[in-house]
Peer 1: 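Structure in structure tokens, see below.
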Amino acid sequence: MSKDPINDIASKRLRILATMQETIDTMKALLKQQQVLLNGDDVGAFIQSMTQNQDKLKEMEHLMQSLHGIESRQGGQNDSPDCAAMEDNITRSIRELQELEKETHSMAIQKLDDYRRNVRDIRVAKKGIRSYLSPFSSADGVYFDKKK
């Protein structure tokens, strides 16, 4: 008994789409976590979360390549209703992901500006403190009267 190649392709496609949705959901959770980390000034954990998100993005690219490969083998055949519904959900999720990325990016830029301002304030304070700590040059209280 041979398998129906169209159903096999459709089931592979459905599995890839489901994995894509899971990956997008994970990416959205990571972005929300990044926002919390930015608010808490936990830069190390923020960077680690960014790395995880980049890994998920690479995974998404691989899934997209697999999906395109399956679509090319499908030969223009109609999708199952399950695949079409899953694609609609993925499209909505990607839009939500893009909005979260914009918000997180904006928060990161704001935090970076805050850090820059703090560093500038520290430099100014450091110069002021140095001027008070440096020894005054004096001539040992000797006064020279050049008029005579």
Side-chain angles (χ1 to χ4, degrees), residues 2-141:
S2 68
K3 285 185 166 182
D4 183 8
I6 294 175
N7 284 336
D8 188 41
I9 289 173
S11 69
K12 284 181 182 178
R13 188 158 191 245
L14 195 57
R15 281 194 306 268
I16 290 173
L17 289 171
T19 305
M20 286 175 71
Q21 182 65 55
E22 291 172 10
T23 303
I24 292 169
D25 291 342
T26 302
M27 291 173 74
K28 288 190 320 190
L30 285 169
L31 284 169
K32 289 176 183 176
Q33 177 189 28
Q34 288 174 14
Q35 290 178 356
V36 170
L37 294 170
L38 279 171
N39 284 330
D41 288 330
D42 193 348
V43 177
F46 174 75
I47 292 171
Q48 184 180 14
S49 182
M50 281 180 47
T51 302
Q52 291 172 343
N53 208 4
Q54 288 297 321
D55 292 343
K56 289 297 177 185
L57 187 59
K58 289 176 187 173
E59 183 179 326
M60 237 352 234
E61 290 171 358
H62 176 72
L63 290 168
M64 290 294 291
Q65 289 173 352
S66 298
L67 188 61
H68 289 303
I70 287 175
E71 287 173 347
S72 66
R73 283 182 275 168
Q74 193 174 12
Q77 306 243 339
N78 289 339
D79 283 343
S80 71
D82 291 337
C83 285
M86 185 74 76
E87 285 179 340
D88 288 342
N89 287 337
I90 288 172
T91 301
R92 270 192 299 278
S93 292
I94 287 174
R95 285 188 193 119
E96 293 170 5
L97 183 67
Q98 289 171 333
E99 285 301 315
L100 274 171
E101 284 178 338
K102 286 179 187 176
E103 291 172 16
T104 306
H105 180 75
S106 176
M107 288 177 70
I109 294 296
Q110 179 63 41
K111 191 57 77 168
L112 184 60
D113 288 342
D114 290 346
Y115 289 149
R116 283 183 181 141
R117 194 171 22 262
N118 289 343
V119 167
R120 187 174 37 247
D121 292 345
I122 289 169
R123 284 185 183 143
V124 168
K126 190 175 173 182
K127 285 180 184 178
I129 291 170
R130 279 190 184 148
S131 68
Y132 283 105
L133 294 177
S134 65
F136 292 104
S137 60
S138 65
D140 294 328

Peer 1: Taking the basic N atoms (NZ, or NE/NH1/NH2) and the acidic carboxylate oxygens, is any pair closer than 4.0 Å for Lys56 and Glu59?
Peer 2: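 Looking at Lys56 and Glu59, the cut-off is met.
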Peer 1: Are Gln110 and Asp114 close enough that a side-chain donor and a side-chain acceptor fall under 3.5 Å?
Peer 2: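 Yes - a donor-acceptor pair under 3.5 Å links their side chains.
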Peer 1: Enter the distance from Gln52:CD to Gln48:CD here, rounded to the nearest 0.5 Å.
Peer 2: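 Here the interatomic distance stands at 5.5 Å.
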Peer 1: Working to the nearest 0.5 angstrom, can you tell me the gap between Ser11 OG and Ile16 CD1?
Peer 2: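 Reported value, rounded in 0.5 Å steps: 9.5 Å.
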Peer 1: How far does CE of Met107 sit from CG of Leu100, to the nearest 0.5 angstrom?
Peer 2: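 Answer rounded to 0.5 Å: 11.0 Å.
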Peer 1: Check whether any side-chain heavy atom of Lys127 lies under 4.5 Å from a side-chain heavy atom of Val124, and answer yes or no.
Peer 2: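 Lys127 does not reach Val124 side chain to side chain.
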Peer 1: Tabulate below the donor-acceptor pairs under 3.5 Å that side-chain atoms of residues 24-34 make, not counting sequence neighbours, or state none.
Peer 2:
residue, atom, partner, partner atom, Å
Asp25, OD1, Gln21, NE2, 3.0
Thr26, OG1, Glu22, O, 2.9
Lys28, NZ, Glu96, OE1, 2.5
Gln33, OE1, Ser49, OG, 3.3
Gln34, NE2, Ser49, O, 3.3
Gln34, NE2, Ser49, OG, 3.4

Peer 1: Output the distance between atom CD (Glu61) and atom OG (Ser66), rounded to the nearest 0.5 Å.
Peer 2: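 Nearest 0.5 Å value for the CD-OG distance: 12.0 Å.
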Peer 1: Please confirm whether the backbone N or O of Lys102 pairs with a side-chain atom of Ser106, one donor and one acceptor, at under 3.5 Å?
Peer 2: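 Looks like no, no N/O pair under 3.5 Å.
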Peer 1: Just to verify, what does Lys111 make a side chain to side chain contact (heavy atoms under 4.5 Å, CB included) with, not counting sequence neighbours?
Peer 2: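 Expected list: Leu38, Asp41, Tyr115.
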Peer 1: Quick one, Ile94 with Ile90, criterion side chain to side chain contact (heavy atoms under 4.5 Å, CB included). Give me CA distance, side-chain angles, the key distance, then yes/no.
Peer 2: CA-CA 6 Å; Ile94 287 174; Ile90 288 172; 3.8 Å; yes
Peer 1: When rounded to the nearest 0.5 angstrom, what is the spacing between CE in Met60 and CG in Asp55?
Peer 2: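 Answer for the CE-CG pair, Met60 versus Asp55, is 14.5 Å.
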Peer 1: Determine, step by step, whether Met20 and Thr23 satisfy the side chain to side chain contact (heavy atoms under 4.5 Å, CB included) criterion, reporting the C-alpha distance in whole Å, the side-chain angles of both residues, the deciding distance to 0.1 Å, and the verdict.
Peer 2: CA-CA 5 Å; Met20 286 175 71; Thr23 303; 5.6 Å; no
Peer 1: Quick one: CZ on Arg117 to CG on Leu112, what's the gap to the nearest 0.5 Å?
Peer 2: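 With rounding to 0.5 Å, CZ (Arg117) is 10.5 Å from CG (Leu112).
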Peer 1: So do the side chains of Thr51 and Gln54 get within less than 4.5 Å of each other, counting heavy atoms only?
Peer 2: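 Side-chain contact under 4.5 Å: no.
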